[in-house]
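Single-structure report; data block below.
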Number of protein chains: 2
Amino acid sequence: MAMIELSLTDVTACCAPLTREPLEADNADALARSLKALADPARLRLISMVAAHEGAEACVCDLTEPLGLSQPTVSHHLKVLVDAGILTREKRGTWAYYSLVPGALDSLAGLLRTV
Amino acid sequence: MAMIELSLTDVTACCAPLTREPLEADNADALARSLKALADPARLRLISMVAAHEGAEACVCDLTEPLGLSQPTVSHHLKVLVDAGILTREKRGTWAYYSLVPGALDSLAGLLRTV
DNA sequence: AGCACATATCGATGAGCGTCAATGTATGGC
DNA sequence: GCCATACATTGACGCTCATCGATATGTGCT
């Protein structure tokens with residue numbers, strides 16, 4: 001079934017920063033979904049490892065061992081981040097290369113900013 | 001038992017933005033805890049309602065009815081936000097007034113920024 | 001003292017999630 | 001065609017968490 005995949009673009013397009021005006025229930029849901037995708041130590045480390053990797057992209061095989069989690073678990077976390085619009089996946093041959101979606105994290109940061 | 005209450009100040013004091021260098025496991029844990037506190041629709045709405053309320057503070061009685069959740073649930077969410085260092089609680093008479101901790105959200109936003 | 005009100009805490013319940021082992025699906029090389 | 005490698009999916013287990021009703025704590029008023 002098609003799950004919500006555009007929560008990030010949805011919410012970052014529509015909303016004023018959190019502290020400007022009361023958040024509607026729907027927008028709160030969308031923003032919470034995006035933040036939930038971020039709110040896991042393994043996923044935070046994955047993001048920073050991908051960003052710091054050469055070429056700003058990395059395949060699962062680059063990430064599994066340094067993270068210390070099983071390959072299925074890493075794949076699961078990467079899928080969550082892709083579905084949240086934070087990472088992209090590009091398959092080249094046998095490998096799947098993940099990289100940051102430009103501006104995705106900055107959009108979220110903008111929603112939290114109060115100044 | 002004393003739970004971790006300073007995760008926010010901890011992590012925002014120590015770390016470069018997520019995408020500058022690979023995140024250590026401990027820092028990832030601390031940042032994830034802060035984001036988890038934020039990653040709930042009810043808590044996001046509470047934050048924005050408090051910020052938008054007159055005087056930039058609000059008591060539980062101001063928040064329960066518009067949120068549509070029971071009073072114990074609202075109290076619970078507010079406690080989570082206070083423990084995470086995002087809100088402060090000030091008791092005046094019968095009422096408990098909650099307000100934003102200045103700079104807390106901005107520190108988190110700064111960690112997500114990539115530019 | 002006694003009552004009404006505001007808020008916090010407790011205990012229980014149900015849903016969601018992180019993790020893994022096992023299995024499935026491609027892709028490339030021999 | 002066959003095997004090895006890279007990754008995704010499935011199913012299950014345990015733990016965390018959001019929510020509520022019930023109850024406790026505290027404050028002000030009469």
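Lettering of chains follows the sequences in order, A, B, ..., and the numbering in each one begins at 1.
- With rounding to whole Å, A:R33 atom CZ is found 19 Å from C:dA15 atom P.
- Here the closest non-hydrogen pair linking A:P66 and A:R45 is O-NH2, 3.8 Å.
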Could you list all N or O pairs between the protein and nucleotides 16-20 of chain C that sit under 3.5 Å apart?
{"unit_1": "C:dG18", "atom_1": "OP1", "unit_2": "A:R43", "atom_2": "NH2", "d": "2.9"}
{"unit_1": "C:dG18", "atom_1": "OP2", "unit_2": "A:R43", "atom_2": "NH1", "d": "3.4"}
{"unit_1": "C:dT19", "atom_1": "OP2", "unit_2": "A:H77", "atom_2": "NE2", "d": "2.3"}
{"unit_1": "C:dC20", "atom_1": "OP2", "unit_2": "A:S70", "atom_2": "N", "d": "3.0"}
{"unit_1": "C:dC20", "atom_1": "OP2", "unit_2": "A:S70", "atom_2": "OG", "d": "3.0"}
{"unit_1": "C:dC20", "atom_1": "OP2", "unit_2": "A:T73", "atom_2": "OG1", "d": "2.7"}

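- Of all heavy-atom pairs spanning A:V82 and A:T88, the tightest one is CG2-C, 4.4 Å.
- Of the possible polar contacts, none joining the A:R89 side chain to the A:K79 backbone as a donor-acceptor pair under 3.5 Å is found.
- Going from atom CG of B:D83 over to atom P of D:dA18 covers 13 Å, rounded to whole Å.
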Worksheet item: Do A:I47 and B:L23 pass the side chain to side chain contact (heavy atoms under 4.5 Å, CB included) test, and can you show the C-alpha distance, the side-chain angles, and the key distance before you say yes or no?
Response: CA-CA 9 Å; A:I47 291 173; B:L23 208 54; over 6 Å; no
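- Here A:Y97 lies out of heavy-atom contact (under 4.0 Å) with every strand.
- The side chain of B:T94 places no N or O atom within less than 4.0 Å of a non-bridging phosphate oxygen (OP1 or OP2) of D:dT27.
- Distance B:K79 NZ to D:dT19 C1': 17 Å, rounded to the nearest Å.
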Distances under 3.5 Å between protein N/O atoms and the N/O atoms of nucleotides 11-14 of chain D, please, pair by pair.
none

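- The B:K91 side chain lies nearest to D:dG26 when the options are D:dG26, D:dC7, C:dT27.
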Side-chain donor/acceptor pairs under 3.5 Å, residues 55-65 of chain A, sequence neighbours excluded:
{"unit_1": "A:E57", "atom_1": "OE2", "unit_2": "A:R92", "atom_2": "NH2", "d": "2.8"}
{"unit_1": "A:D62", "atom_1": "OD2", "unit_2": "A:C59", "atom_2": "N", "d": "3.1"}
{"unit_1": "A:T64", "atom_1": "OG1", "unit_2": "A:V60", "atom_2": "O", "d": "3.0"}

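- Regarding B:L78, its CG atom lies at a distance of 14 Å from the C1' atom of C:dT9, rounded to whole Å.
- In terms of phosphate contacts, B:Y98 brings a side-chain nitrogen or oxygen within less than 4.0 Å of OP1 or OP2 of C:dA8.
- Enclosure of atom CD in A:E24 is not indicated, since only 12 or fewer non-hydrogen atoms of other residues, nucleotides or ligands lie within 6.0 angstrom.
- At the heavy-atom level, A:R89 lies under 4.0 Å from the strands shown only through sugar-phosphate atoms.
- A donor-acceptor pair under 3.5 Å links the side-chain atoms of A:D106 to the main chain of B:T114, judged by distance alone.
- Residues A:Y98 and A:W95 fall into different hydrophobic clusters, defined by Ile, Leu, Val, Met, Phe, Trp and Tyr side chains chained together at heavy-atom separations under 4.5 Å.
- The minimum heavy-atom distance between A:A52 and B:P22, with the atom names listed, is CB-CD, 3.6 Å.
- D:dT27 atom P lies 13 Å from atom CH2 of B:W95, rounded to whole Å.
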